[in-house]
Amino acid sequence: MTATPVLRVEDIHTAYGLSQVLFGVSLEVAPGECVCLLGRNGVGKTTTMRSIMGLTPPRHGRVVWKDRDITGRAPYRVARAGIGFVPEDRRIFADLTVWENLDVGSRGSAGGWTIERVVGLFPKLGELATRRGGFLSGGEQQMLTIARTLMGNPELLLLDEPSEGLAPLVVEHLKEQIGQLKAQGLTILLAEQNVGFSLDLADRVYVLEKGQIRYHGTAREVRENDGILHQYLAL
């Protein structure tokens, strides 16, 4: 990585009550990169994302966004600063239509993403514009929650387990769409346990295990390192 990072996570320690999950996690993301936080289920990937977003503030360490310390800021302030979060559980509004979900995401924001542009990326959403969110399939809901987050015009997109629970064909299609976002220059931090999905998208990879970063390298280096794949990813 040669560019100056826009996001720096510095030695964060995060807990839920008495249960500590992260033990000194540090990572960096440069403009236009897709960086993957890779690891098995339960190793702390989601907690890292929540720490960055202010949903579960770290007890120690810092989160620095574009040289500003945002550690522990309210999530809405983090979002307004330019970080968009796509949670694992999607959190769409089940009683609102696709169009209404997108409209909610656009409120109070100004920038390059419009409903027309997100429908260009996810054409299926245009076909389902009047369908309520609760009647969408898992893949359609995932498209909607990414599109709704894009409507806030983030500079950095946090994607938490986007392939989780989706059929293989849907995962392939989603990978292509995230690849388009990357090609358009959007900076992405991806938390995943699907190794193939991740390595096809990522420039660099951090491997997380038991709340600590155990390995950092390029996607190519990880792909070629059977020891890392076997030890930390059970492959």
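In what follows, every heavy atom counts, from backbone to side chain, and hydrogens, waters and symmetry copies are set aside.
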Determine whether V35 and D203 make a side-chain contact, defined as any pair of heavy atoms from C-beta on separated by less than 4.5 Å. no

Step by step, would you call W99 with T130 a side-chain contact (heavy atoms from CB on, under 4.5 Å)? CA-CA 6 Å; W99 226 245; T130 60; over 6 Å; no

Against L37, only a single residue in I213, V205, V9 fulfils side-chain contact (heavy atoms from CB on, under 4.5 Å); can you say which? I213

Please find the pair of heavy atoms, one from I228 and one from N225, that lie closest to each other, and give the distance. N-OD1, 3.1 Å

Taking the side chain as every heavy atom from C-beta outward, state whether L169 and H173 have any pair of such atoms under 4.5 Å apart. no

Quick check against the 3.5 Å criterion: does T145 have a side-chain atom that pairs as donor or acceptor with the backbone of R90? yes

L208 versus L38: any side-chain heavy-atom pair under 4.5 Å? no

Set out, in order, the CA-CA distance, both residues' side-chain angles and the distance that settles side-chain contact (heavy atoms from CB on, under 4.5 Å) for V222 and V195, then state yes or no. CA-CA 10 Å; V222 173; V195 176; 5.7 Å; no

CD1-SG distance between I178 and C34, expressed to the nearest 0.5 angstrom: 7.5 Å

Is V43 reachable from F23 through a run of I, L, V, M, F, W or Y residues, each pair having side-chain heavy atoms under 4.5 Å apart? no

Could you walk me through whether V63 and L7 pass the side-chain contact (heavy atoms from CB on, under 4.5 Å) test, one step at a time? CA-CA 7 Å; V63 177; L7 176 72; 4.0 Å; yes

Just list the side-chain donor-acceptor pairs under 3.5 Å for residues 156-163, sequence neighbours left out, or say none.
from	atom 1	to	atom 2	distance (Å)
D160	OD1	T46	OG1	3.2
D160	OD2	T46	OG1	2.8
E161	OE1	Q193	N	3.3
E161	OE2	K45	NZ	3.1
S163	OG	E192	OE1	3.1
S163	OG	E192	OE2	2.7

Would you check if D103 and S106 make a side-chain contact, meaning some heavy-atom pair closer than 4.5 Å? yes

Partners of E224 by side-chain contact (heavy atoms from CB on, under 4.5 Å), sequence neighbours excluded? R220

Give me the atom names and distance for the closest heavy-atom approach of K182 to A202. NZ-C, 4.2 Å

Do the ring planes of Y206 and H216 sit parallel (below 30°), tilted (30 to 60°) or perpendicular (above 60°)? parallel

Any idea which heavy atoms bring Q20 and H13 closest together, and the distance? NE2-ND1, 3.3 Å

Same cluster (ILVMFWY, side-chain, under 4.5 Å), V119 and M143: yes

When you compare the side chain of V6 with that of E155, does any pair of heavy atoms fall below 4.5 Å? no

Minimum side-chain heavy-atom gap E10-V64 below 4.5 Å: yes

Could you work out, with side-chain contact (heavy atoms from CB on, under 4.5 Å) as the rule, every residue matching Y76, not counting sequence neighbours? A74, R80

Can you spot which of E28, E221, E33 makes a side chain to side chain donor-acceptor pair (under 3.5 Å) with R204? E33

Using every non-hydrogen atom in the two residues, find where P31 and T4 come nearest and quote the distance to one decimal. CD-O, 3.2 Å

Atom NZ of K175 and atom CG of L190: how far apart are they, to the nearest 0.5 Å? 11.5 Å

Where is the tightest heavy-atom contact between V98 and L125, given as atom of each residue plus distance? CG1-O, 3.8 Å

Rounded distance [0.5 Å steps], OG1 in T97 versus CG in L102: 8.0 Å

May I ask you to decide if S51's main-chain N or O and T14's side chain share a donor-acceptor pair within less than 3.5 Å? no

Rounded at 0.5 Å granularity, tell me how far CZ in R117 sits from CD in Q184. 5.0 Å

Any donor and acceptor pair, going by atom type alone, linking the side chain of Q212 with main-chain N or O of E209 inside 3.5 Å? no

Test item: I146 and L150 side chains (from C-beta on) under 4.5 Å apart, heavy atoms: yes

To the nearest 0.5 angstrom, please state how far the CD atom of Q177 sits from the CD atom of E172. 11.5 Å

Just how far is it from atom CH2 of W65 to atom CZ of R8, taken to the nearest 0.5 Å? 12.0 Å

Let's go through I83 and I70 carefully: what are the C-alpha distance in whole Å and the side-chain angles of both, what is the deciding distance for side-chain contact (heavy atoms from CB on, under 4.5 Å) to 0.1 Å, and is it a yes or a no? CA-CA 11 Å; I83 300 178; I70 61 167; 3.9 Å; yes

Heavy atoms, side chains only, cut-off 4.5 Å: are Y16 and R50 in contact? yes

Compare every heavy atom of Q141 with every heavy atom of L136, then report the nearest pair and how far apart it is. O-NE2, 3.5 Å

Using a strict threshold of under 4.0 Å (side-chain N to carboxylate O), is an ion pair present between R62 and D11? no

